[in-house]
Amino acid sequence: MAFKKSNFAAATALFAIGAKAVNNGLALTPQMGWDNWNALGCDVSEDLLVETADLIVNYGLKDLGYKYVILDDCWSAGRNASNNNTLIVDTEKFPRGMKAVADDIHDLGLLFGMYSDAGRYTCGMYEGSLGYETEDANFFADVGIDYLKYDNCYNEGYAGNQQISSARYRTMGNALNATGRPILYSLCNWGEDYPWNWGSTIANSWRISGDIFDNWDEYDARCPCEGPDAWNCELPGFHCSVTNIFSKVAFIVSKAQPGSWNDLDMLEVGRGAMNDAEYVAHFSMWSAVKSPLIMGNDIRIIKPQDLSILSNAAVIAVNQDPLGQSAARRWLYQTNTTDVDENGKAEIQMWSGNLKSTISADYNDYVVLLVNGNNNATVMNATLEDIFVDSGPKGTAPQVQMSWEVRDLWADRMSNETAAAIINTPTKSGNATTGYNATTIGQGRYNATTTSYADGLMANSSLLLGSVVTTVQPSGTIIANVDRHGVAMFRLRAIPTAVRKRDEL
Ligand code: GAL
């Protein structure tokens, strides 16, 4: 089927007269949820979605903010030529039809996402939406979806520059808007044609890389771009490691803003091939740069330590911070060759960024992330001069002359025992309202359904601020012993007595 030239022309015309921002009021903080692809690929069914949705509620994940349950590729069975070419749902996988699934998910207080592709076929070779944007947007709105992930396979060559790619994606954006239903629009063109330049005019997020793989730093030729020019990647590929993708975002952190985000791809936490320190690091890194946090594990077999990572509200609060600013990389050093890991890598890096102030009228809180890619635990240093370089180079930032609380955002991580108790408590009522709700016995777990992260931060909720482990004095240095392939993640808060007014400095 050919791409409808009329749609393309209309989209290009819109581009020429100046495109409007997506302006759908969604994703003012990065979207959170779950998608089946990483763990289950095409093995999708109504039971999978409904069971997972139930567990997301019962394990307290919904109340931490994981709202979107997203069905990825492989759900359709062609188009109905005698009914306006409407997509046909595979009734073997979804015997009650898709609307029933959407209703079940909505009844649990969750939101429903689906997947299509701006091409002839999806990546799994099911029907794509190119040329059928209006028909498919209407179908999705009729089903009652709240989120569309829109992929890039089989795009028939309508790519190669920003105008062509953006026009192709804009056509679906316009069709979604025309339905009148608020639908979060998540672009998945793997960073091709610089979507961070135009994505915010169309959508709520854009993937910045090829597909993630459950791996810390192994090179794979199918994800070819690494190193200093990783951002300029003409072959996004797949099998991209966590550190590969994290390198790519370093160059485009300023593109993240409320309503539109750099998407580093779905989480691998709990998939099984990385260790606990690596999953802690992965979750922290994605949170600090304001990536959407879309769980990619099979929640039906979640392990306690992974539930505990995904439940760390103090880290999620960084991701959901009301300022919506990404942390930025301040330095990266290739370390000496005696500490390389099995993949020949050894590098350490420090990131920091603004968080909304929870204490001082004058100065923001700050997040600091130390990432250790060495083969052994490493003592890492972060100077206030480097942390606050955006407010003044070479130590001239006023914050360098202040004292700060250093709050460890992993200090209060839920114990494995508590996580195991939550997982092992019989819950399978199939109905969350009568099932066990982890938030009631999770010993003070944060509940973002009742108190948004923004409100909780302003109220100084101890569940969101981590624990003070030390203070750092003017011109001082934060020192942390960081696990192999792990992170230290801190929230800095100005110490009130040390806060002086700007004009006194
Ligand atoms: C890829 C996409 C993945 C997944 C897959 C489905 O292109 O990046 O996240 O959606 O297609 O086939």
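Whatever order the structure lists ligands and atoms in, that order sets their numbers, starting from 1. Starting from 1, each residue takes its place in the sequence as its number.
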Does the side chain of [X] come under 3.5 Å of the side chain of [Y] through a donor N or O and an acceptor N or O?
X      : Y      : answer
Thr243 : Asp217 : no
Asp214 : Tyr279 : yes
Gln31  : Tyr147 : yes
Asp72  : Asn36  : no
Trp37  : Asp73  : no

Which atoms of ligand 1 sit under 4.0 Å from any heavy atom of [X]?
X      : answer
Cys123 : 1 (C), 7 (O), 11 (O), 12 (O)
Met266 : 9 (O)
Trp190 : 7 (O), 8 (O)
Lys149 : 3 (C), 4 (C), 9 (O), 10 (O)

Q) So, Glu218 and Lys345, do they make that salt bridge, N to O below 4.0 Å? A) no
Residue and atom name of the nearest protein heavy atom (relative to [atom]), distance in Å to one decimal:
atom                    : result
atom 2 (C) of ligand 1  : Asp151 OD2, 3.3 Å
atom 10 (O) of ligand 1 : Asp72 OD1, 2.6 Å
atom 8 (O) of ligand 1  : Asp211 OD1, 2.5 Å
atom 12 (O) of ligand 1 : Asp73 OD2, 2.8 Å

(Q) Looking at ligand 1, would Thr122 count as a contact under a 4.0 Å heavy-atom criterion? (A) no
Q: Say whether Phe238 and ligand 1 are in contact under the criterion: heavy-atom distance to a ligand atom below 4.0 Å.
A: no
Q.
Considering both backbone and side-chain atoms of Trp37, is one of its nitrogen or oxygen atoms within less than 3.5 Å of a nitrogen or oxygen in ligand 1?
A. no
Q.
A side-chain contact here means heavy atoms from C-beta on lying under 4.5 Å apart; do Val69 and Leu111 qualify?
A. no
Q: Check Cys188 against ligand 1 and report side chain, backbone, both or neither, counting heavy atoms closer than 4.0 Å.
A: side chain
Q: Report, as yes or no, whether the 6.0 Å neighbourhood of atom NZ on Lys149 holds more than 12 heavy atoms from other residues, nucleotides or ligands.
A: yes
